[in-house]
Trainee: 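The structure follows.
Just so you know, these numbers use all the heavy atoms, side chains as well, and skip hydrogens, waters and symmetry mates. Worth saying up front: this structure is predicted, and the values here are computed from it rather than measured.
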Amino acid sequence: MAQQENKISLSKKGKREISPFIGHELLYDYLSGSLDKERRVVIEDHVKFSRDAQLDLTKIQNGQSYAERLGDTIVSQPIIAQISTTSSYISVLMQKSNFDKWPQGLKWGLEALVVVLGIVILLSVTPWQKVMQLGIGSGSKEVVLAEVSKTGTTATTSADAEDKPEFVDEGVKEATKEPVAAKVPEKTPAPEKTVAAAVVAKNEKPTTEPPSVTAVSGGFLYRGEIAVTNIEVVGPKITEKINELGGRKAGSVELGWKKTANSMYYHFTIPEAKYQDLMGFLATYGKPKISKEKHPRVMPDGIVRMIVTVDEAKK
């Protein structure tokens, strides 16, 4: 009784209903014989009334028969040898490009182009100078002219070479060739005039005054420091003010370089006329301590060089 209750109830006509999709999916199982009796009856009824199911069933049957016949196929030995042979790059290229199907004229043109290219490369690489030298040396006819004179010249040359020493002192050679009369143009009064001119120049030197150096710019460096509160905010403002006043960085680091977390470094030049404006601006954030030091570098007139360290004020 329990099994009968779990069975899926049939329709009013006493047949199990099946959708076309399910019927199509069960066609292969129907042909392979893996369906139970009840489902087989349902699929047979579905195939009777469905044209699409009949076509699909025919296709599956044809595929199975083709696969069975394909298993009986015997591959010949030449085909197996061709498959097992490794194809070269040229053969693959010829096969991909269908070279055999090209027009005959195009084939001949391509072959001629390859031959011409090979000849050009050969002519470019061949060392023709050496080839010409070999050809001239092997086939030329030497003509000897005045063989006796050539021997005499060689003997004379060898004799001269034996007479000449291996090392010639250049100083001695110049002394022998230099005529004695060359010493006559020397005049004794010339040194006196030279010495006198040097003495006069030496005496006159203190009278020349050095170039004037202004009290602010030339040969001086302004070095100082200032303590401010909240350096993270004040530092960028000082940098902006220096740029606004025409200041330019003078060292290798940028304006407002952070030496430490609580210290910023400024090395710059600024017009002399803007010096007091900068001091007034710095005074709004703290008390600047600026000292004037001598420095070998002389700045242009109207320009001063400054090094200012801005530190965080200690609380």
Trainee: Looking at R223 and E293, does any basic side-chain N land under 4.0 Å from a carboxylate oxygen?
Mentor: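 Salt bridge: yes.
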Trainee: Under the side chain to side chain donor-acceptor pair (under 3.5 Å) definition, can you give me all pairs with a residue in residues 229-254, not counting sequence neighbours?
Mentor: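 Output for this query lists E232-K258, T239-Y266.
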Trainee: Does a donor on one side chain and an acceptor on the other come within less than 3.5 Å for D52 and H24?
Mentor: no
Trainee: Dump the intermediate steps for side chain to side chain contact (heavy atoms under 4.5 Å, CB included) on Y30 and L57, then the final yes or no.
Mentor: CA-CA 9 Å; Y30 170 74; L57 188 63; 4.3 Å; yes
Trainee: Given D277, which partner from the list I270, L282, L245 fulfils the side chain to side chain contact (heavy atoms under 4.5 Å, CB included) test?
Mentor: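 It is L245, the one option of I270, L282, L245 that forms the side chain to side chain contact (heavy atoms under 4.5 Å, CB included) with D277.
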Trainee: Between the main-chain N or O of A227 and the side-chain N or O of K289, is there a donor-acceptor pair closer than 3.5 Å?
Mentor: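 A pair under 3.5 Å: no.
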Trainee: Under the criterion side chain to side chain contact (heavy atoms under 4.5 Å, CB included), I'd like the reasoning laid out for Y28 against Q64: C-alpha separation, chi angles, the key distance, then a yes or no.
Mentor: CA-CA 10 Å; Y28 179 77; Q64 286 181 340; 3.3 Å; yes
Trainee: If the test is side chain to side chain contact (heavy atoms under 4.5 Å, CB included), which one of L122, V120, I121 qualifies with S124?
Mentor: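 The passing option is V120.
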Trainee: May I ask you to decide if S97's main-chain N or O and W102's side chain share a donor-acceptor pair within less than 3.5 Å?
Mentor: yes
Trainee: State, yes or no, whether a side-chain contact exists between H295 and R305 at a heavy-atom distance under 4.5 Å.
Mentor: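 Side-chain contact under 4.5 Å: yes.
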Trainee: At what distance, to the nearest 0.5 angstrom, does CG of D311 lie from OG1 of T260?
Mentor: 7.0 Å
Trainee: Under 4.5 Å between any side-chain heavy atoms of M264 and I231, yes or no?
Mentor: yes
Trainee: State the CD1-CD distance between I74 and Q77, to the nearest 0.5 angstrom.
Mentor: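 Those atoms lie 11.0 Å apart.
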Trainee: Only pairs at least two apart or in different chains count here, so list each salt bridge (charged side-chain N to carboxylate O under 4.0 Å, His left out) that has a residue in residues 23-37.
Mentor: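 Qualifying pairs, neighbours excluded: D36-R39.
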Trainee: Does a sphere of radius 6.0 Å around CD1 in I90 hold more than 12 heavy atoms from other residues, nucleotides or ligands, not counting ones at 6.0 Å or beyond?
Mentor: no
Trainee: Which class fits the ring pair Y222 and Y275: parallel under 30°, tilted 30 to 60°, perpendicular over 60°?
Mentor: tilted
Trainee: Quick one, Q61 and S65 - any side-chain contact, counting heavy atoms below 4.5 Å?
Mentor: no
